[in-house]
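If you're wondering where the values come from, they're calculated on a predicted model, not measured in any experiment. All heavy atoms count here, side chains included; hydrogens, waters and symmetry mates do not. Chain naming here is simple, since letters A, B, ... match the order of the sequence lines and numbering starts at 1 in each.
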Amino acid sequence: MGLTSTTSVLERFASEVGDYGPVCCVGGRTQWDVGGPVSSGTREVTAPAGVVAHEPAEMILRVRAGTRLEDLSAVVGEGGQRVALEGAADATVGGVISVGRSGVRRLGWGPLRDAVLEVTAVSSRGELIRTGAPLVKNVTGFDLCRLLTGSLGTLAFVAEVVLRCLPLPEVERWYVAEGADPFEVYRKLYRPLSILWDGRRTWVGLAGFEVDVEEQARGTLGEMFSLVDGPPSLPGPGRRSLAPASLRSLPSVVADAGAWLAEVGVGVVHCDSPAGDRLRCEDGPSQSVVELHRRIKENFDPAGRLNPGRQVITGAFS
Amino acid sequence: MTDPLVADLRRVLGNAAVRTDAIELALYGRDASLISGQAGVVCFPSNAEELVGVVRACAAHGRPFVPRGSGTGLAGGATPAGDVPPVVIVTTKMNRILEVDEEQRVAWVEPGVLNLDLSREVAHLGLHFAPDPSSQQSCSIGGNVANNSGGPHCLLYGVTNAHILAIEVVLPDGSVAMLGGIDPEPDGLDLRGAFVGSEGTMGIATRIAVRLTPLPPSVETLLADFATMHEAAAAVTGVIAGGIVPAALEMMDRNIAEAVEAFVHGGFPVDAAALLLVEVDGLAGGAAEQARRVEKVLRENGARSVQIAGSDEQRALWWKGRKSAFGAIARIAPNYYLHDCVVPRSRLVEVLEQVSEIAAGQELVLGNVFHAGDGNLHPLIIFDKRVPGTLDRVHEAGRQIIEVCVAAGGTLSGEHGIGLEKRDHMGLVFSAADLEAQLWLRDAFDPSGLCNPEKVLPRGGSRCGDVASLPAGAWV
Ligand SMILES: Cc1cc2nc3c(=O)[nH]c(=O)nc-3n(C[C@H](O)[C@H](O)[C@H](O)COP(=O)(O)OP(=O)(O)OC[C@H]3O[C@@H](n4cnc5c(N)ncnc54)[C@H](O)[C@@H]3O)c2cc1C
Ligand SMILES: Cc1cc2nc3c(=O)[nH]c(=O)nc-3n(C[C@H](O)[C@H](O)[C@H](O)COP(=O)(O)OP(=O)(O)OC[C@H]3O[C@@H](n4cnc5c(N)ncnc54)[C@H](O)[C@@H]3O)c2cc1C
């Protein structure tokens, strides 16, 4: 896989970002408001698009950040693999990574950040910086891949990434039941793909070898569950992060406050805003964590020119 | 005259936990690598409050300090370095498992807890801590976090970073920060992720929340032997390309197999060029299916024999062999230099051939025992350092091995870290701009540069300001 094959495209993106004036990076605008609005008058740039290479035997995919998720899945699927990126068809790889949220299969797939092996990004000086390597295992140097994942484009703009792929399972099946105890289901199943709960119904995603999925569906889930096409749609754009065990008391906390869907074993709760409002975490980050954010931003973007106005943590970036 | 810092440290820890005698300074002057340094003072805090006190005292005196777990690191990460002998802060007394939450599958531990002790402690719940370095009987979880350590089962389960949820850290200025959280998407930047693998340069972990993983209901372990390394490597690629990600996929060459067999009597074939130890796990049906498919791929690629462990005892013996390989080679010669590079799996054969040519060229004995499924090579140079000139040849071979791995599209380290050992090779894989961005991160955590100085990033760059003044090309 050529490390240099796309350099000129990436360099063009770097020079477009340049080293002067406020600038923001636009993906598919499907999560444009996360972290608050970008200051008005900010110049917009877009990352280059295109799949550079998929190497199934190395379990890796090299892709430019502007590539739409829809275009990505087709390529990886052809090679009998999948990547841990979920989202709207129009969302871009760079947007998904910069927002840093995992999809409803997180329980089985692990968090998005664990799939990011290498990032080439444009710094606030308009220079290309590369971190990580196109290899499934690597501890060479500090982990800027994880720092940049979820950083909302405030530290650098993602230009190209290498993602870890995994084989597509033999089967993926979804089941639903009314009145089942999702926590009991979580305790009993071995490595489920997903367990979703809306207070009334429990959906279970199972993936892997057909014999195992069958066995778990019949043996562990039993008569109560029936087969459905896939996971339910999310109730709203709201998203809260809670300790997995605290989901038990959700129904009493958000009673009659609107629709919600919880990822059991993970702790993410998807909600419309009335339910979400009750789940807001009161205590913010400690002073030392805010200070770390401030210093990181200061070192990566001293003039505050990248995505100005966006906040990854309240009160950290002025 | 007593060093005023030592007096302050004694006020925090009492006399017994602050050591300055020559023997102990020498003992803590190195880790398990070949590099040695000079410790100024050695301290043994027994809880987080004491550790904070120690770091504050160091900060107040402007004295560099080095976090240390069990000292099994192989890159000199815990080796004190620099002009002023640093304070070595040892976490071995902070070895309590603070809380095990079975429902959330989380344990809070102090950093000095030994990796295997945690898995043993939670085994009755059907859970374990998945990262399993070969040193797991002796290495600490704090050391695993700092090095983002791997292990045979990290092929399927992921390296340490995938198993760490939250870390309470004493920052180099003595303040305390909680990075990450038990909830899946804590606010802000992934500081937890940035801290894992930072090799003790961004602060000291005092409490760690680790993810516990269910033990697989069914495990199948296969041992195959090959007449050529080429066939064994092709089998590795064949397994992965065939859509199977085994729980572990380890390779041993003939030198290692011989040493290990003499040591554990595990029934390892000793006349083969290479052995593959493959483990698949999961529910019974899928594990059996994977074992069938793996066996087929192994045979198609020329395996002379494929054995399947028929009992837990047999499996345990094979793993004991694999995990004690480094101890076993002591039968060949007293010293070893263990390398750690990663290459794309498809280049394994050609790199292994080049590595053996390098060893032959330096008249050194070589063994290979490594995580083949990850492309994570561990060329092991076996030697006797008392023979004059040998160490120079070992270092020369080491340098050449790094070069061939990088030339094959690989990188410097898959699990042991950069430390002092590979710091000056960082320019082989990163540009000056890449390295400077890494420094932006380190510097945000430790503007003073006191925390484990001289590690990871090439010399000259422990403060942002210093980098700009470096001559062009200083990193290469
Ligand atoms: C119907 C629907 C379902 C979804 N389901 C899921 C789901 O299941 N799981 C999930 O995780 N997400 C889900 N999403 C979210 C989806 O993944 C996001 O849309 C995506 O994260 C944002 O991508 P985008 O290209 O639209 O980014 P934008 O909305 O354009 O931008 C989002 C942020 O990222 C920044 N950004 C964009 N590109 C870059 C870049 N190259 N470098 C630096 N910063 C950049 C922007 O500046 C902005 O701050 C869903 C969204 C929708 C609409
Ligand atoms: C025989 C043998 C086999 C090995 N096999 C493997 C293997 O399979 N996989 C693997 O990854 N490694 C392996 N190693 C290397 C080593 O065991 C690991 O890197 C281990 O994680 C180091 O843990 P430690 O407690 O000994 O750390 P130390 O050697 O004491 O320290 C390692 C680094 O961590 C830092 N550190 C330690 N504690 C803390 C803390 N609380 N906070 C912040 N920083 C800290 C130190 O400053 C240093 O940079 C092996 C080593 C040996 C000797």
When you compare the side chains of [X] and [Y], does any donor N or O come within less than 3.5 Å of an acceptor on the partner?
X	Y	value
B:D173	B:S175	yes
B:T411	A:T140	yes
B:R192	B:N161	yes
A:E263	A:H270	yes
A:Y186	A:D181	no
B:N144	B:T160	no
A:E78	A:H54	no
B:T206	B:E168	yes
A:E118	A:T131	no

Side chain from CB out, backbone as N, CA, C, O: work out which of these in [X] comes under 4.5 Å of a heavy atom of chain B, or both, or neither.
X	answer
A:E127	side chain
A:L135	side chain
A:L166	side chain
A:F142	both
A:Q216	side chain
A:D114	side chain
A:V211	side chain
A:Q287	neither
A:L147	both
A:R101	both
A:V136	side chain
A:P285	neither

For [X], which atoms come within 4.5 Å of any heavy atom of chain A: side chain, backbone, both, or neither?
X	value
B:H371	side chain
B:V106	neither
B:L179	side chain
B:L441	both
B:I182	both
B:V239	neither
B:N376	side chain
B:M178	backbone
B:V159	side chain
B:T201	side chain
B:D101	neither

Ion pair present between [X] and [Y], side-chain N to carboxylate O less than 4.0 angstrom?
X	Y	value
B:E185	A:R240	no
A:E160	A:R130	no
A:R248	B:E103	yes
A:E298	A:R295	no

Name the member of [options] that forms the most heavy-atom pairs with chain A at distances under 4.5 Å.
options	answer
B:G375, B:A437, B:G197	B:A437
B:P344, B:A284, B:G158, B:G285	B:P344
B:S413, B:A444, B:P184, B:A162	B:P184
B:C154, B:G242, B:P217, B:G181	B:P217
B:V429, B:V342, B:D187	B:V342
B:A288, B:A287, B:G243, B:A241	B:G243

For chain B, the option from A:V268, A:V266, A:D143, A:D212 that forms the most heavy-atom pairs under 4.5 Å:
A:D212
Best-contacting candidate, A:E210, A:E291, A:R106, against chain B by heavy atom pairs under 4.5 angstrom:
A:R106
Pairwise side-chain contact, B:I240 with A:M59, heavy-atom cut-off 4.5 Å (strictly under):
yes
Atom CG of A:L155 and atom CZ of A:F300: how far apart are they, to the nearest 0.5 Å?
6.0 Å
Mind running side-chain contact (heavy atoms from CB on, under 4.5 Å) on A:L242 and A:V269 for me, showing each step along the way?
CA-CA 7 Å; A:L242 307 176; A:V269 181; 3.8 Å; yes
Test side-chain contact (heavy atoms from CB on, under 4.5 Å), reference B:R105, set B:T213, B:L125, B:L127, B:L165, output is B:L127
